[in-house]
Protein chains: 2
Amino acid sequence: MSKIPKPPSIGKNVKHERSVQKLSLDELSTASGVSKAMLSQIESGKVNPTVATMWKIAHGLSVEFNVLMKGEGKKIRRFDINRKADITTLDADAAGVHISVLSPVSMAEDLELYLLTFKPGATLNSQPHYPGTEEFLTVLAGKVKVSAGENETILNAGDVLVYQCDIEHHIENLAATESRIYLVVRF
Amino acid sequence: MSKIPKPPSIGKNVKHERSVQKLSLDELSTASGVSKAMLSQIESGKVNPTVATMWKIAHGLSVEFNVLMKGEGKKIRRFDINRKADITTLDADAAGVHISVLSPVSMAEDLELYLLTFKPGATLNSQPHYPGTEEFLTVLAGKVKVSAGENETILNAGDVLVYQCDIEHHIENLAATESRIYLVVRF
DNA sequence: GAAACATTTTTAATATATTGAACACAGTTA
DNA sequence: TAACTGTGTTCAATATATTAAAAATGTTTC
C-alpha cells in the first residue's frame, strides 16, 4: 500500500564520524559502553541496532542523535533565487512594524528568515512559538529592547541575541529613527 | 567516567502522537507494519525498540523520525547576548572583504551566522563546506554576483538566495559602493 | 443483565541484537 | 624468525526485541 519511505544507512554514518574523530573501535567502545563487536557489525550493516545503543554511540561520539540518522539526503543541488519583488511582506497588527518573509516556500521546514523594520516607538508582540524554537536576532540598525519571559535587554546596531521563543516575547524600537532587525527562527 | 547523558522516553512520544491522530494500535500496526503487540510494549516502555521499527512507526505516523526521539529537552531557557564589541571579525585573504561571525560560541553547532561587507570590486572565494551544507544569503545593500558550481546569478539589495555550498562558490561585489550580505549557514 | 464488538494487554515462541572471547591481519621491535 | 603491539572481524552463548494468538479490559447495543 505505502511505498517504502527511505531506509537510512546508519552504519556509514557511524563509520564516517568515527574516522573523522580518529577513534578505534576499542576507544569508541569504552567511550560509549557498546561492545566493539556490536560497533563492527553496525558499521558493516549486519544488524539493526537498538535506539538505546545508537543513543549511547551518539554520546560516545559526542554528536547529536540525528547526525547518525542522516538519510541519503537530497541529490539535487539547489540554487533558489527569491527576488525582492517576490518576497511576501506583511504589517503587524501593531502599526509601525513591517515584516519581510525572506524564506522561500520551498525552503527547509525547520528554518525561517525575516527582515523586520520598526518605525520609532513601534512594538511587536509575539505569541509563544512551538516548544524548542529558538530565535537568532541581529540588530542591523537602530536600538531595540527585547524581552522574553523574565529576561530583558537593550540592543544596539551590531548586537546579536539568541533566545528561546517558546514563550511570549516583545521587541520594541527605542531609536528615534527606523530600526532594522534580521531574524532567524529555528524549530 | 562519563555522566549519563539523557535517556529519551520514546514510548510517551509514540503514545502522544498516536492519540493526537486518533489511531488505534491496530490501525497504526497496519499503517506501519509493526505488530500491535510491539507498539503496546513500546508505549509502556517495556522494550528498547530497534531503529528500524522506530523508523517504520515514524513513517506510519507520518512524522519526522526526530519527533519521536524528543528527549526531556533543555530546561534552561537561553537568553545569550553577544555585543558588537565582543563579536569576532576577520578579513578574508582577498582584500576588501570583511567578515563578522555573529554566532556566539555557545550556539547550536549546526547553524552559523555571518555579516559580510564587500568593498567595491572585492571577491570572496569559499572552499566546499561539509556535504549537505546550505547557505541562505540575503543582500542587505549593494549588488553582488554569486556562483556555485555551474549556477550563477546577480542579486540586488533585498534579494535572497538559497543554495548548497558543499561545492566551491564565489561572491563578488558588482556595486560601486559597499555591499552588505547577511549569511546563514546550516549544516 | 449478556452478547457483540473494539481496543489494549499479556503470553509463549521465534527471531535477532548484543556480548566476551577467540580469531585474523597488519605494523613494529628485537 | 618470533613476540608484541594495535587494528578490525567472526564465533558461540546469552539477552531481548518482535511476533501471532490468546486473554483481559473496556464500550456499545439489545
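In what follows, chains are A, B, ... by sequence order, proteins preceding strands, each numbered from 1.
- With a heavy-atom cut-off of 4.0 Å to chain A, the contacted part of DNA chain C has its first and last nucleotide at dA17(C) to dG20(C).
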CA sep, side-chain torsions, deciding dist, call: Y114(B), I181(B), side-chain contact (heavy atoms from CB on, under 4.5 Å) = CA-CA 8 Å; Y114(B) 299 97; I181(B) 290 180; over 6 Å; no
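- With DNA chain D read from its 5' end, the first of the two nearest nucleotides for A52(B) and Q41(A) is the one closest to Q41(A).
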Take L111(A) and L111(B), measure what side-chain contact (heavy atoms from CB on, under 4.5 Å) needs, and give me the verdict at the end.
-> CA-CA 10 Å; L111(A) 209 60; L111(B) 209 60; 4.1 Å; yes
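- Among the heavy atoms of the strands, none lies under 4.0 Å from E43(B).
- Per the geometry, CD1 belonging to I10(B) stands 10 Å off P belonging to dA17(D), to the nearest Å.
- Of the candidate nucleotides dC11(D), dT7(D), dT18(D), dT18(D) has the atom nearest to the side chain of P49(B).
- Here the nucleotide nearest the side chain of N48(B), chosen from dA17(D), dT9(D), dT10(D), is dA17(D).
- In this structure, M69(A) and M54(A) have side chains that are in contact, with non-hydrogen atoms separated by less than 4.5 Å.
- With respect to L102(A), the side-chain contact (heavy atoms from CB on, under 4.5 Å) criterion is satisfied by exactly one of L137(B), T138(B), D159(B): T138(B).
- Heavy-atom nearest nucleotides on DNA chain D were determined for D26(A) and for K56(B), and the one closer to the 5' end corresponds to D26(A).
- Taking the side chain as every heavy atom from C-beta outward, I154(B) and K143(B) approach each other to under 4.5 Å.
- Put simply, CG on L25(A) is 13 Å from C1' on dT10(D), counting in whole angstrom units.
- Ring planes of H169(B) and Y163(B): perpendicular class, angle over 60° (limits at 30 and 60°).
- Within the 4.0 angstrom heavy-atom criterion, base atoms lie near S40(B).
- Computed from coordinates, the K15(A) NZ to dT7(D) P distance equals 14 Å when rounded to whole Å.
- Here dA17(D) presents its P atom at 7 Å from CE of M38(B), a figure rounded to the nearest Å.
- Taking only side-chain atoms of T50(B), from C-beta outward, the nucleotide of dA17(D), dT19(D), dG8(D) with the closest atom is dA17(D).
- L39(B) places its CG atom 13 Å from the C1' atom of dA17(D), with the value rounded to the nearest Å.
- For the pair I42(A) CD1 and dG8(D) C1', the interatomic distance rounds to 15 Å; values are reported in whole Å.
- In this structure, R18(A) reaches the dG8(D) phosphate: one of its side-chain N or O atoms is under 4.0 Å from OP1 or OP2.
- When rounded to the nearest whole Å, the span between NZ of K46(A) and C1' of dG8(D) equals 11 Å.
- Backbone-only contact: T53(B) has heavy atoms under 4.0 Å from sugar-phosphate atoms and none from a base.
- Screening I57(A), V34(A), L39(A) against S29(A) for a side-chain contact (heavy atoms from CB on, under 4.5 Å) leaves a single residue, L39(A).
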